[in-house]
Structure formats: structure tokens, C-alpha cells
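On a predicted model such as this, the values are computed, not experimentally measured, just so you know.
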Amino acid sequence: MDKQKKEITKLLKYKQKTCAQLLEKMGEQMEAVRIKDNSRLLLIIEVKENLILDLNKTDQKISDLAKNLSDTTQRSLVKDNEELSNRIELDLEKIIEQETVCQKKLNILKNGILEKIKAVKKGQTLLKGYGLSQRIKPKISKNV
């Protein structure tokens, strides 16, 4: 049991480190959104996806190890790692907040682009109404 507690504590520390990396990437993402650097944004999102997958795997490992522990051992583990848990929770809240801000900015940008596309399509439709310009025929015949 003591070995499992140490392993869970080790995994929680790893999870906190991964959350810190994810928070750092969120800062980079906010900057990429601000300066509208799409290629950099795609690279950051790929790295973030890998970090999130890693977090999910770590959560699963912690869950599997915690299942085998007794209730008293689980409570003592929670009490021993309360500060670490609070840091992880705080980082996750910051990540969610920043992700929401980025999402709002990207939605505003997307809506602006959609409006421009609609305006262009409307302009093309108006031009079609006039038809093609007729070729002007010369008034003097070539036969003369």
C-alpha cells in the first residue's frame, strides 16, 4: 500500500508539471491568436493535444491505483497531497479561462470573415444581374 501511495504522489507531481506546461502553451496560444499567426497556432494546438492525452493517461493511472486502496488510505493520501491538488486545480481553472478567451476571439474573427464572404457573394450576384457587357460594333463597315 505504501508503494501505491508513493506512486500516486509521483503521478500527481507529474500531473502538476504537465498542467504547468499546458498553461505555458496556453500563454503562447493567446499570443498567437492575438497576432493572428495561424501556422504557429496549429503547432501549439498539436502540442496541447499531446499534453492533454498525457494528462488523461495519468488520471487513468491514478484512478486505477486508487481503486485498490482502502478508504482510510485514500483519505490520508488526499490530506497529504492537498497542496499539490490545489495547485493542479488552480492551473486547470486558468487553462479553462484562457481557452474560453481564445475561443471567443476566434469566433469573432470567424464571424468577421463570414460577413466578408457574404458581402463578396452578394456583390457577385448583383453583377450577374447586369449581364455581360455587349461588344461594341464598329459604326464603319470594313467593306467601305
| said: Please give me the minimum heavy-atom distance between Gln74 and Ala66, naming the atom from each residue. | reply: NE2-O, 2.6 Å
| Taking every non-hydrogen atom, the tightest pair across Leu55 and Lys15 | CD2-CG, 3.6 Å
| request: Would you check, one step at a time, whether the test side chain to side chain donor-acceptor pair (under 3.5 Å) holds for Glu82 with Asn86? | output: CA-CA 6 Å; Glu82 188 173 355; Asn86 288 338; 4.5 Å; no
Side-chain heavy-atom pair [X], [Y] within 4.5 angstrom cut-off:
X: Val101; Y: Lys105; value: yes
X: Leu43; Y: Val47; value: no
X: Leu92; Y: Ile88; value: yes
X: Glu31; Y: Arg34; value: yes
X: Asp64; Y: Lys67; value: yes

To the nearest 0.5 Å, how far apart are [atom1] in [X] and [atom2] in [Y]?
X: Leu109; Y: Leu114; atom1: CG; atom2: CG; result: 10.0 Å
X: Lys48; Y: Ile95; atom1: NZ; atom2: CD1; result: 8.5 Å
X: Asp91; Y: Lys94; atom1: CG; atom2: NZ; result: 6.0 Å
X: Leu84; Y: Lys13; atom1: CG; atom2: NZ; result: 7.5 Å
X: Gln16; Y: Thr18; atom1: CD; atom2: OG1; result: 9.0 Å
X: Arg87; Y: Leu12; atom1: CZ; atom2: CG; result: 10.5 Å

| Leu11-Ile52 co-clustered via ILVMFWY side chain contacts under 4.5 Å | yes
| Quick one: do Ile44 and Leu51 end up in the same hydrophobic cluster if we chain Ile, Leu, Val, Met, Phe, Trp and Tyr together by side-chain heavy atoms under 4.5 Å apart? | no
| message | Whether the side chain of Gln29 engages the backbone of Ile45 through a donor-acceptor N/O pair (distance < 3.5 Å, no angle test) should be reported. | response | no
Show me the donor-acceptor pairs within less than 3.5 Å that the side chains of residues 19-28 make with the rest of the protein, sequence neighbours left out.
residue, atom, partner, partner atom, Å
Lys25, NZ, Glu28, OE1, 3.3

| remark: Checking Leu65, Thr73, Asp71, Thr72 against Leu69 for side chain to side chain contact (heavy atoms under 4.5 Å, CB included), the one that qualifies is Thr73
| remark: Checking Asp54, Thr9, Ile62 against Tyr14 for side chain to side chain contact (heavy atoms under 4.5 Å, CB included), the one that qualifies is Asp54
| Which hydrophobic side chains are connected to Val78, either touching it within the sub-4.5 Å cutoff or through other members that do? | none
| query | Do the side-chain N and O atoms of Glu46 and Asn50 include a donor-acceptor pair separated by under 3.5 angstrom? | reply | no
